[in-house]
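Read the structure below first, then the notes.
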Amino acid sequence: MSTDQDLLADGRLTDGLLAHPYAVYDRLRDTAPVHRVTGPDGSPAWLVTRYDDVREALANPLLSLDKRHALPGGYKGFALPPALDANLLNMDPPDHTRIRRLVGRAFTTRRVEQLRAPIRRTADHLLDALGTSGGPHGSTDLIAAYAAPLPITVICDLLGVPDGHRRDFRAWTDVLVAPDPARPQAAKEAVVAMLGFFTQLLADKRKEPADDLLSDLIAVRDEGGREGSDRLSEDELMSLAFLILFAGYENTVQLIGTAVLALLQHPDQLAALRADPSRLPAAAEEFVRYDGPALLAIRRFPREDVTISDVTVPAGETVLLSLAAANRDPRRFPDADRFDLGRDATGHLALGHGIHYCLGAPLARLETEIALAALLERLPDLKLDGDPGDLRWRPSLRARGLLALPVTY
């Protein structure tokens, strides 16, 4: 049996945690719930793993997202230019409150529900393509053929991104989420390409506004705010477009992929869902609790010394809150490592908690529900193609997801 240090590679958040995340978290919750680790870039951080500690920390105003509160040399996450970095993942109130209010109207449950029919049409179109390419029976990589193109289509339609640029954005995102050590320049090149892409996209939208979210946000920026104090700087506008497109695509791809995998590995749960598809909305909560798209929340920096589970974390040091560990904490969810669509999974932290709760949560839930409903209806004999042990996961702490999901149907 490997030790915690084996799995964490001497405290470093690297391959051990990526290969066996829940085994690592199970041990840390019992032995070191606030654990000193080395971040992905070699800098020090504190890893928090118990549900109650993570939930409290997510809502603690002393734990800032603003990098200005970080000590020099600490882990800060993405290194982006100012035009992409002025986003909600790096902000505290009042700027966070102002910008979230501006964009929040587009992601209310009522507004998102209006997307149900377009999302289902997209899902059916993608499944139609499987039918025409493979005949009545076939095999495919469900990530590449379905789980990835569905959310990128939905979020690009919402923002008003032209079709021709969608594949490029997906490639740039993949490079940023899971950088290739053999290509150290690839991430920088992706950032430069995205900056150019968004600069041109905003210019095009200003010339020819359309009925889309990005045109609405540009109007808010250029007209000086529709509600008096609501204003966006140019960097905030571009950063917001980047975040919506990036997060709206990336997290949902991983969630659909891991949800399908969980069902295929638990035939009894799959059969129960096929027998009663009306359980899908509730099932989505168990999907995201059991194996959600993020191992860790966005890093935080204490404004002053804070105490978490009897451990004092000095001001400015990096705090990493493990959403995945919290969601498998048996103190909160009995038999937490069991995938059970009948459990009450409400209260999970996969989508955050407090003022930084995921803005796109209603959209992610709806897309996952529709994606799975379409699969259940149209591919009744869906099965894994090959040994589950051969499945490969993305080498990233930023987004937990499969590189590929080979299936037969």
Side-chain angles (χ1 to χ4, degrees), residues 4 7-8 13 17-18 20-37 45-63 251 254-255 258-259 261-263 265-266 268-269 272-273 279-300 302 306-311 313 319-362 364-365 368-369 397-401:
D4 291 341
L7 292 172
L8 280 168
L13 296 176
L17 182 59
L18 296 175
H20 310 281
Y22 298 110
V24 175
Y25 290 144
D26 283 347
R27 297 175 193 181
L28 289 182
R29 277 194 307 265
D30 291 334
T31 61
V34 182
H35 190 69
R36 186 74 162 173
V37 297
W46 295 90
L47 180 65
V48 183
T49 52
R50 286 183 181 169
Y51 178 92
D52 286 345
D53 295 332
V54 171
R55 188 177 189 275
E56 181 179 348
L58 285 169
N60 188 342
L62 292 179
L63 292 174
N251 289 337
Q254 314 314 333
L255 179 54
T258 54
L261 176 62
L263 288 172
Q265 291 185 312
H266 298 83
D268 58 328
Q269 300 293 303
L273 200 56
R279 297 175 58 189
L280 267 169
E285 303 307 316
E286 176 67 351
F287 293 137
V288 76
R289 180 206 71 85
Y290 179 74
D291 203 0
L295 291 175
L296 305 171
I298 299 299
R299 75 288 172 276
R300 273 134 167 103
V306 297
T307 300
I308 305 174
S309 191
D310 298 327
V311 174
V313 179
V319 177
L320 300 174
L321 306 174
S322 176
L323 307 176
N327 288 333
R328 293 285 190 100
D329 190 340
R331 299 166 186 81
R332 175 60 179 80
F333 298 103
D335 200 6
D337 287 327
R338 179 168 56 89
F339 177 62
D340 179 9
L341 297 182
R343 84 160 72 237
D344 179 4
T346 56
H348 66 74
L349 301 177
L351 300 171
H353 173 66
I355 65 170
H356 297 290
Y357 183 77
C358 177
L359 186 66
R365 286 187 173 98
T368 303
E369 175 191 337
L397 289 169
R398 293 167 179 154
R400 173 167 169 79

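Computed from a predicted model, the values in this text were never measured in an experiment. Throughout, residue positions are numbered sequentially from 1 according to the sequence presented.
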Query raised in the report: Taking Arg289 for the side chain and Ala336 for the main chain, is one N or O donor matched with an acceptor at less than 3.5 Å?
Result: yes

Query raised in the report: Which is it for Phe339 and Leu263 under the side chain to side chain contact (heavy atoms under 4.5 Å, CB included) test, yes or no, and what are the steps along the way?
Result: CA-CA 9 Å; Phe339 177 62; Leu263 288 172; 4.1 Å; yes

Query raised in the report: With a 4.5 Å heavy-atom cut-off, do Asn60 and Arg300 have their side chains touching?
Result: no

Report summary line: So CG of Leu323 and CG of Leu58: to nearest 0.5 Å the spacing works out to 6.0 Å

Query - Distance in Å, Thr49 OG1 paired with Leu28 CG, rounded so as to fall on 0.5 Å steps - result: 5.5 Å

Query raised in the report: Would you say the side chain of Arg328 lies within less than 4.5 Å of the side chain of Tyr51, judging by non-hydrogen atoms?
Result: no

Query raised in the report: Of all heavy-atom pairs between Pro302 and Leu63, which one has the smallest distance, and what is that distance?
Result: CG-CD2, 3.7 Å

Query raised in the report: Do the charged groups of Glu285 and Arg343 touch, with an N to O distance under 4.0 Å?
Result: no

Query raised in the report: With respect to Tyr22, which candidate in Asn327, Asp291, Asp337 satisfies the side-chain hydrogen bond (donor to acceptor under 3.5 Å, both in side chains) definition?
Result: Asp291

Query - Approximate separation, where rounding is to 0.5 Å, of Thr307 OG1 and Asp53 CG - result: 11.0 Å

Query - Heavy-atom pair with the smallest gap, counting every atom of Thr368 and Ala364 - result: OG1-O, 2.8 Å

Query raised in the report: More than 12 heavy atoms of other residues, nucleotides or ligands under 6.0 Å from CD of Gln269: is that the case?
Result: yes

Requested in this report: Taking all heavy atoms of Arg279 and all of Ala272, pick out the closest pair and write down the distance.
Outcome: NH1-CB, 3.5 Å

Query raised in the report: Per the side chain to side chain contact (heavy atoms under 4.5 Å, CB included) rule, which among Val319, Leu296, Leu321 passes with Leu47?
Result: Leu296

Requested in this report: Could you tell me the separation between the CG atom of Leu341 and the CZ atom of Phe287, rounded to the nearest 0.5 Å?
Outcome: 5.0 Å

Query raised in the report: Relative to each other, are the rings of Tyr290 and His266 parallel, tilted or perpendicular (30° and 60° limits)?
Result: perpendicular

Query raised in the report: How long is the gap from CG on Leu349 to CZ on Arg332, to the nearest 0.5 Å?
Result: 8.5 Å

Report summary line: For Tyr25 and Ser322, the nearest pair of non-hydrogen atoms, with its separation, is CZ-OG, 3.1 Å

Query raised in the report: For Arg29, does its backbone N or O pair with a side-chain atom of Arg50 as donor and acceptor, under 3.5 Å?
Result: yes

Query raised in the report: Taking it one step at a time, do Arg338 and Asp335 satisfy salt bridge (charged side-chain N to carboxylate O under 4.0 Å, His left out)?
Result: CA-CA 6 Å; Arg338 179 168 56 89; Asp335 200 6; 2.6 Å; yes

Report task. Could you grab the distance from atom OG1 of Thr258 to atom CZ of Arg400, nearest 0.5 Å is fine? Result -> 8.0 Å

Query raised in the report: Taking side chain as C-beta onward, heavy atoms only, is Trp46 less than 4.5 Å from His35?
Result: no

Query raised in the report: Between Arg331 and Asp52, is any pair of side-chain heavy atoms under 4.5 Å apart?
Result: no

